[in-house]
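Following this message is one structure expressed as structure tokens.
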Number of protein chains: 2
Amino acid sequence: MKNIISNINKAFDHRIRLGIMSVLMVNDHADFKTLKELLGATDGNVASHTKALEKQNYIKVEKSFIDRKPNTKYIATTTGRKAFQEHLAALEKLLNPENGLKTKS
Amino acid sequence: MKNIISNINKAFDHRIRLGIMSVLMVNDHADFKTLKELLGATDGNVASHTKALEKQNYIKVEKSFIDRKPNTKYIATTTGRKAFQEHLAALEKLLNPENGLKTKS
DNA sequence: TAGTTTTACTTTGTTTTTCAAAGTACTTTA
DNA sequence: TAAAGTACTTTGAAAAACAAAGTAAAACTA
């Protein structure tokens, strides 16, 4: 490890994306509206952050019609779950005071 | 709490700022060069992220000369320490799977 | 059944943030 | 005293974030 933040994943460096992943880790899927409400985000915000995670292959999208209305369902991919867990491990390591951050005694 | 990310502090939403605060939580101070090396960041990057934290009154800066060379020392303020600890609490709460993120049984 | 509102998103363009290269002001070394 | 190094700061381009506006179909309303 070259530096103390090298294992922190840039893709999860934003609270909305962190929130999306957290939701998708405990639920096998969540739809657009659910994410929007849980995160208190605007439509455009949910759209762009989910798109960013999709681009990285961390989540996938399934579009269908439920009750004749369009429904967009987001699901964390295996890659995404793995990446997120590694991110959490990196966070824990960084934030744990007993981890060599002290520069002098 | 209106939504699951409302207690996550936007000011710490970036890995470099997270790293700076982590370092300043365990060390009573750190200078420019130390932060730069620990974080593996560029000069401009350290400058702008410390400035952002300074603007929020989360860290303060002390400038002096050591061995006739300019030295910039960063110190976490009481406000900053408090804000960071609250941020960590919010993160833990969000990331703990047993915290009401499940939308259905 | 024509018009209005709502739902479920997507697109757009502005604003904000991030970033590293270049700049500054010294000090040190040759 | 010229060149190189140190310790930052400034700058401006590039990328990201954001919410307002747009779209399209459904549902309600008169």
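Quick note on labels: first sequence line is chain A, next is B, and so on, each numbered from 1.
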Exercise for review: Measure the distance from CD1 on I5(B) to C1' on dA17(D) and round it to the nearest whole Å.
Suggested key: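 Atom CD1 in I5(B) sits about 13 Å away from atom C1' in dA17(D).
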
Exercise for review: Describe, in one word, how the ring planes of F84(A) and F12(A) are oriented to each other, choosing from parallel (under 30°), tilted (30 to 60°) and perpendicular (over 60°).
Suggested key: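 If you compare the ring of F84(A) with that of F12(A), the planes turn out perpendicular.
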
Check your understanding: How many Å lie between CZ on R17(A) and C1' on dT17(C), as a whole number?
Key ->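 Those two atoms, CZ and C1', are 13 Å apart.
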
Exercise for review: Would you mind reading off the distance between D43(A) atom CG and dA19(D) atom P, rounded to a whole angstrom?
Suggested key: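 The distance from CG of D43(A) to P of dA19(D) comes to 11 Å, rounded to the nearest Å.
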
Exercise for review: Could you check whether D67(B) gets within reach of a base, just the sugar-phosphate, or nothing at all, counting any heavy atom under 4.0 Å?
Suggested key: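 Since only primed, P, OP1 and OP2 atoms lie under 4.0 Å of D67(B), the category is sugar-phosphate.
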
Exercise for review: Answer yes or no: is there a side-chain heavy-atom contact under 4.5 Å between I8(B) and L91(B)?
Suggested key: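 A side-chain contact exists here, since the closest heavy-atom pair is under 4.5 Å.
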
Practice item. Take N45(B) and S48(A), find for each the nucleotide of DNA chain C with the closest heavy atom, and name the residue whose nucleotide sits nearer the 5' end. Key: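 Of the two residues, S48(A) wins.
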
Practice item. Report which part of the nucleic acid K36(A) touches: base, sugar-phosphate, or nothing (heavy-atom distance under 4.0 Å, all strands). Key: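 Nothing, no nucleic acid heavy atom in range.
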
Exercise for review: Round to the nearest Å and state the distance from N71(A) atom CG to dT10(C) atom C1'.
Suggested key: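 After rounding, the gap between these two atoms is 16 Å.
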
Practice item. Answer with base, sugar-phosphate or nothing: what part of the nucleic acid does T72(B) contact at a heavy-atom distance below 4.0 Å? Key: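 If one applies the 4.0 Å heavy-atom cut-off, T72(B) turns out to touch the sugar-phosphate alone, with no base involved.
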
**Study point:** Integer-rounded Å distance: dT10(C) C1' and K33(A) NZ
**Key:**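 Atom NZ in K33(A) sits about 18 Å away from atom C1' in dT10(C).
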
Practice item. Figure out the CD1/C1' separation between I16(A) and dA17(D), and round it to whole Å. Key: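 So the two atoms are 8 Å apart, to the nearest Å.
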
